[in-house]
Amino acid sequence: MRLIKFGFLVVALALVFAVAPNSAQRRSNNETKINALLAQMTLAEKLGQLQQLDGEGNGNFRPEHRELVRKGLLGSTLNVRGAKRTNELQRIAVEESRLKIPLLFGFDVIHGYRTIFPIPLAEASSWDPTLAEKSTSLAAQETYASGVRWTFAPMLDIARDPRWGRITEGAGEDPYLGAAFARARVLGFQGNDYSTPGKILACAKHWVAYGAAEGGRDYNTTDMSEQTLREIYFPPFKAAIDAGAGTVMSAFNDLNGVPTSANPFTLTKVLRGEWKFDGFVVSDYTSVKELINHGVAANDKEAAQAALNAGVDMEMVSRLFNEQGPGLLREGKVSLATIDEAVRRILRIKFRLGLFEHPYTREASETEILMTRTNRAAAREVAGRSMVLLKNDHDALPLRPGVGSIAVIGPLADDRRTPLGWWAGDGKPEDTITPLAGIKAKVSPQTKVGYAKGCETLGDSTAGFAEAVALARASDVAIIFVGENSETVGEAASKSSLDLSGRQMDLVKAVHATGKPTIVVLMNGRPLTIGWIVDNSPAILEAWMGGTEAGNAIADVLFGDVNPGGKLPVTFPRAVGQVPIYYNHMNTGRPPDANSRYTSKYLDVPWTPQFPFGFGLSYTQFKITNLQLSSQRIRPDGKLTVTVEVENVGRRAGDEVVQLYIRDVAASMTRPVKELKGFQRITLRPSEKRRIEFTLGPESLGFYNREMRFVVEPGEFKVMVGSSSEDVVESKFFVE
Ligand code: NOJ
């Protein structure tokens with residue numbers, strides 16, 4: 001009987017495989033359907049597919065959307081969410097419009113939909129891309145349940161300037177780390193097939209170099225060599241495209257004189273030509289209309305023409321493609337082939353998403369899937385693994401669980417909004433576990449936990465200082481939570497100072513002056529200048545904006561249930577005047593030398609950072625030794641194995657992130673003093689020792705030469721392996 005059943009199963013499976021189209025067949029079927037649709041579409045319907053409009057602030061669609069959808073004049077919305085609402089508008093699209101083309105609902109799910117995970121900069125601090133894959137995959141499930149099928153994420157902008165508020169949304173300053181997280185996030189959102197229920201479409205943004213805004217001022221001009229573009233700013237995008245990202249968002253910035261929302265070089269030559277991207281490009285919010293302000297279009301018509309011809313397919317919010325398309329076509333300034341191609345790309349993604357077969361969302365799934373215990377537990381885990389221990393003199397941390405009394409102080413100690421960061425999806429402050437709540441839940445019943453806010457993150461009042469100081473005096477230990485509130489990070493949140501805002505630093509000093517051991521926990525979305533704290537406080541934990549479960553995760557780390565193992569994905573400057581300061585800089589002809597005036601440094605501040613890229617401590621200690629190379633000489637197309645031994649020489653289990661850097665010592669163009677080319681986060685028990693292996697090949701050793709060809713040049717290379725970009729053991733080899 002069993003055998004018969006088994007045989008039956010085999011036959012059934014064989015039939016399924018024979019009948020179910022494979023992905024190549026599915027793709028070609030889709031193209032046939034797209035051609036059939038295109039043949040029936042009026043120009044207005046075609047332009048309608050290119051239009052994306054914003055919903056109302058509360059997630060609802062706007063009254064005008066009904067009519068536009070019914071007439072086939074709207075292809076997509078942003079911010080409209082909730083299964084009931086999306087179904088309602090979708091029903092008009094697929095039941096009442098002439099061609100029944102489904103709508104695509106988009107939303108900024110940057111680090112969580114309802115369950116909010118740590119900000120992306122924090123997740124990058126975990127140096128564990130599998131965590132980002134996990135958090136984005138859970139975020140995708142929640143997003144899907146709410147009717148949204150498309151996130152405007154991941155944000156892949158390399159940022160070397162913490163004045164820029166959007167540094168919070170990315171993976172920091174390094175292209176290699178950035179690419180690893182880009183891949184992980186795209187896979188987390190989309191999986192290998194984004195038509196799978198619970199998967200959503202990703203959008204690699206902002207294409208490109210948006211993070212290089214001059215002066216760190218959001219939306220500002222960018223200007224750089226093509227080498228820098230290709231070596232520093234492109235890699236995360238290339239990784240996202242290779243991982244299958246279905247869409248790309250053009251950016252707000254002007255790049256070398258051509259705004260990125262009208263840039264044929266980036267949008268067409270590189271993206272479609274070199275990288276074979278066949279999805280669609282959506283403009284950023286009104287960035288098509290803004291071409292007029294940039295001064296590359298005299299009016300709406302020229303703006304639409306420039307964006308369409310450069311390779312933007314869908315226009316977010318401004319309506320110039322729709323308003324100007326017919327005239328442009330009549331005058332021959334935009335060809336029908338260009339418009340058709342944009343429509344084709346959008347329909348292709350709608351087919352790939354399975355929207356034609358499954359346009360609706362099961363309304364009950366929202367209550368089942370949003371903010372489950374599993375998602376909360378994952379948020380707590382990710383937050384814990386994202387924290388970076390910046391200082392820990394005399395083992396000030398972890399705290400003993402039996403400590404008698406704790407003063408929990410600071411404007412962020414019991415703030416429910418800040419941990420959610422900028423772009424908090426549909427996250428709700430009432431769901432947040434604050435540090436105060438997390439600590440209270442952690443300590444034994446005998447421990448007294450007092451709370452005093454002290455001051456706000458902004459403003460001048462010190463009225464709360466006396467209470468905070470008195471509380472610290474009456475307690476065994478003070479933990480002070482300072483940083484930034486979520487309104488001062490993210491988009492349009494550039495700053496000229498990286499100091500703690502308001503009177504926060506004075507609060508830290510006042511509490512410190514009590515003489516009580518004072519632990520500083522930073523909750524911020526960008527590197528801050530915290531020299532005084534580094535010089536005076538015994539322990540500093542960089543907790544970032546840790547999401548819904550931030551407070552529990554912070555308590556896990558403070559009390560040692562989680563041993564912090566994160567590393568900085570971005571350099572912390574000593575002073576804002578050092579910015580841009582990043583580890584992978586060129587050497588200059590006069591590298592800094594303390595004993596020689598005419599070298600590259602500052603008169604009033606050291607040239608070194610406060611904390612270097614890749615830095616982070618642990619409650620245990622590691623030793624990295626015995627660096628070995630498989631060979632001293634390789635050919636330009638050869639490979640090399642690098643191994644080191646890592647040992648936990650402390651008394652607790654813990655994580656080390658082993659980092660590999662290279663330097664091309666002399667080449668036909670200047671090369672960075674260090675470039676990250678490998679990393680592994682590992683967990684070791686006390687006394688445990690492990691050999692770690694890295695492989696270096698042409699892709700890690702090459703660069704873009706003066707002819708813009710990617711080459712590996714002969715000569716000496718340094719290899720550095722260590723626990724941060726500054727703490728390394730070194731060896732060398734030769735390419736011949
Ligand atoms: C503008 C932002 O730059 C972009 O990142 C975002 O996706 C859109 N607004 C939509 O909210």
Side-chain angles (χ1 to χ4, degrees), residues 51-62 75-81 104-113 119-121 136 139 143 146 148-159 164-171 182 185-186 189 200-213 216-222 233 236-237 240 245-255 259-261 279-291 293-294 307 312-319 420-427 486-487 489-494 525:
Q51 182 68 58
Q52 180 183 66
L53 292 178
D54 200 353
E56 285 173 349
N58 58 7
N60 217 339
F61 51 84
R62 293 174 195 274
S76 173
T77 64
L78 73 153
N79 293 325
V80 175
R81 57 193 188 278
L104 176 53
F105 296 100
F107 186 46
D108 289 279
V109 180
I110 308 299
H111 52 115
Y113 180 80
I119 53 167
L121 188 65
T136 43
T143 307
S146 76
V148 171
R149 292 285 182 278
W150 182 23
T151 177
F152 306 120
M155 194 211 74
L156 304 177
D157 297 305
I158 295 294
W164 190 53
R166 303 196 77 170
I167 195 171
T168 185
E169 292 176 54
R185 291 177 166 273
V186 169
F189 285 130
I200 59 172
L201 178 65
C203 182
K205 75 183 188 186
H206 307 83
W207 181 240
V208 59
Y210 178 43
R217 184 159 53 81
D218 207 1
Y219 317 122
N220 203 6
T221 305
T222 60
Y233 291 87
F237 287 91
T247 69
V248 168
M249 187 185 293
S250 68
F252 286 127
N253 56 295
D254 164 20
L255 172 64
T260 47
S261 285
F280 73 84
V281 173
V282 62
S283 78
D284 203 344
Y285 211 99
T286 62
S287 67
V288 174
K289 176 101 177 164
E290 290 165 23
L291 295 173
N293 287 341
H294 277 293
V312 172
D313 304 303
M314 182 182 279
E315 182 179 3
M316 189 189 285
V317 176
S318 52
R319 308 184 189 208
L420 304 184
W422 180 254
W423 296 124
D426 229 8
S486 50
E487 288 303 306
V489 299
E491 189 176 344
S494 298

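Order of appearance sets the numbers: ligands from 1, and atoms from 1 within every ligand. The structure displayed is predicted, hence computed values, not measured ones. Residues take their numbers from the sequence shown, with the count starting at 1.
- Under 3.5 Å, the side chains of T286 and S318 contain no donor-acceptor pair of N or O atoms.
- Ion pair E491/R166 flagged as a salt bridge, since at least one NZ, NE, NH1 or NH2 atom sits closer than 4.0 Å to an Asp/Glu carboxylate oxygen.
- Between Y219 and F252, the ring planes are perpendicular. Angles over 60° get that label, and only those under 30° would be called parallel.
- A side-chain donor-acceptor contact under 3.5 Å links D218 and Y210.
- If you look at ligand 1, the protein residues with a non-hydrogen atom under 4.0 Å away are L78, D108, F152, R166, K205, H206, M249, F252, D284, Y285, M316, W423, E491.
- Side-chain contact of Y285 with E290: a donor-acceptor pair under 3.5 Å is absent, judged by distance alone.
- By the 4.0 Å N-to-carboxylate-O rule, D426 lies close enough to R81 to be salt-bridged with it.
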